[in-house]
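Okay, so here's the structure we're looking at.
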Amino acid sequence: MITNYSDTVIRNLTLDPENWTEMRELGHQMIDDIMDHLEQIREQPSWRIMPDDAKLFLKKPVPQKPEDIKQIYQEFKQYILPYNKGNIHPRFFAWVQGTGTPLGVLAEMLAAAMNPNVAIGEHAAMYVELQVIDWCKQMLNYPAEASGILLSGASMANVTALTVARDHQLRLSIRQKGLRKVEPELVLYCSAETHSCVQKAVELIGLGTESIRKIGVDEDYKIRTDALIAAIEKDLSEGFTPFCIVGNAGTVNTGAIDPMDDLLAISKKYSLWLHIDGAFGALAKLVPEYEAQLKSIEQADSLAFDLHKWMYMPYEIACVLIRNAAAHRNSFAITPSYLEPETRGLAGGPEPFNNYGPELSRGFKSLKVWMSLKEHGLEKYAAMIRQNIAQAFYFGDLVQKEGQLELLTPVTLNIVCYRYTREGLTDESLNKINKEILIRLQEQGIASPSSTVLQGKYAIRVAITNQRSRQSDFDLLIIETLRIGNELSL
Ligand SMILES: *Cc1c(COP(=O)(O)O)cnc(C)c1O
């Protein structure tokens, strides 16, 4: 090495501000602005079309020179903040997305300030994370000895669980030999209404879509258990190796909850791993009216659910719980010399989280959960979830009372699928009209439902995991759907 660094070393470059007062003042300003924004979000349109100048502004070459932080913040306020997705808005009902909370915002700020890498070591964030995982078990009455890990979303939670399910079936040989050398052809069962991330998970763990048996559903969009048993029997007789059933606690289309007691009994009978995708619906277990229906998920081999949906935490956070902690560890534990734990010092502490999932570096996701659960208490969350369910039933009733609206599936949880109708119109033209109604609802900033197609019928789909929605928001959505529908079919 011939480079001479000495001139650089004495400059003591850093990314910390030269002027801390200016940074502190900007921070105060941001907190004031963001609290105003959240407090007044109801007065804002639910969504705005992002203009070309804002998009152009975001196509610049990488900055080489410093820019003023106040100016950067102005640009954020001008080009980014107004064109938010809007899931913090009281009339956001698209897909299944949570709203977050003001304390959640602050907790994220504190977590970023501490900025610990929550993989290994003796430091507080490791213990907060363990506390939150324990709280997750307690919330759903899952066994205390189970293991768990916090992940970015239910998609990753499902991948993690299905990896363990696969490895447990194939024992450890899978980690040494990989799938190519493994004999049995594993097959997995789930309903046709299962979220696409389960298929992605099966692809990622190397089994391929041909190993998925998508079982038909009944008129309530729940898995048909007779068809499930028939499929398992057929696979067994043809030499396949059934290894896993994925049950839905709340399907994404309609909120259907698969018959959990039956799935548990079938998984036991055939010695299959029972995994539950409870992305949002698992949390309905906190609501007395749903407790019994979801009781059996306590006995599932693994359980995946989001905290950024029906626990209203800021993105991203989900949890997977695995009954057999040793199996969980067997799938992921690996200890190279540079991660060797100690009994004392910074490398002491609880077992590294990277032994329980695919990631090494991990942010401090759990702080917002820890603070928020303390802020409101679990009873309040149960009441909020119950309110969202009540709102879905209320909205479903409103739809049924209107001659020009049609409820496309019975409401069973927090999702309502409906459409505008008019006598004499075919499904094809109704599909066109309803698609246009949905887009205008969004573009006019009134409300943001999403869509799905149910038995060939285009449905406006309202999914409620929103802690800001009020009864009047649903009244308005009815009025506006009718207004736009009537305008369109003139
Ligand atoms: C949202 C959702 C998922 C995916 O969860 P992410 O947090 O988006 O990764 C999986 N299953 C169901 C039923 C969902 O609603």
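Bear in mind the structure is a predicted one, so any value in this text is a computation, not a measurement. Remember, it's 1-based here, ligands and their atoms both numbered in the order they're listed.
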*Cut-off 3.5 Å, side chains only: do D475 and Y394 have a donor facing an acceptor?*
yes
Mark up the atoms of ligand 1 that fall under 4.0 Å of a heavy atom belonging to [X], in ascending order.
X    : result
G153 : 7 (O), 9 (O)
G250 : 13 (C)
A279 : 2 (C), 3 (C), 10 (C), 11 (N), 12 (C), 13 (C), 14 (C), 15 (O)
F280 : 15 (O)
H308 : 7 (O)
D306 : 5 (O), 6 (P), 7 (O)

*K309 heavy atom under 4.0 Å from ligand 1*: yes
*Do any heavy atoms of A318 fall under 4.0 Å from ligand 1?*
no
Please list the nearest protein heavy atom to [atom] with its residue and the distance rounded to 0.1 Å.
atom                    : answer
atom 6 (P) of ligand 1  : A154 N, 3.5 Å
atom 11 (N) of ligand 1 : D277 OD2, 2.7 Å
atom 9 (O) of ligand 1  : S155 OG, 2.6 Å

*Residues which pass side chain to side chain contact (heavy atoms under 4.5 Å, CB included) with K457, listed by chain and number, not counting sequence neighbours*: E406, L408, R419, D427
*Do side-chain atoms of Y142 reach the backbone of R323 as a donor and acceptor pair under 3.5 angstrom?*
yes
*asked:* Could you check whether atom CD of Q455 has more than 12 heavy atoms from other residues, nucleotides or ligands sitting under 6.0 Å from it?
replied: no
Close side-chain approach of [X] and [Y], heavy atoms under 4.5 Å:
X    : Y    : value
N248 : S191 : yes
L106 : M35  : yes
L207 : L188 : no

*Under the criterion side chain to side chain contact (heavy atoms under 4.5 Å, CB included), which of L321, D167, I322, N355 is the partner of H328?*
I322
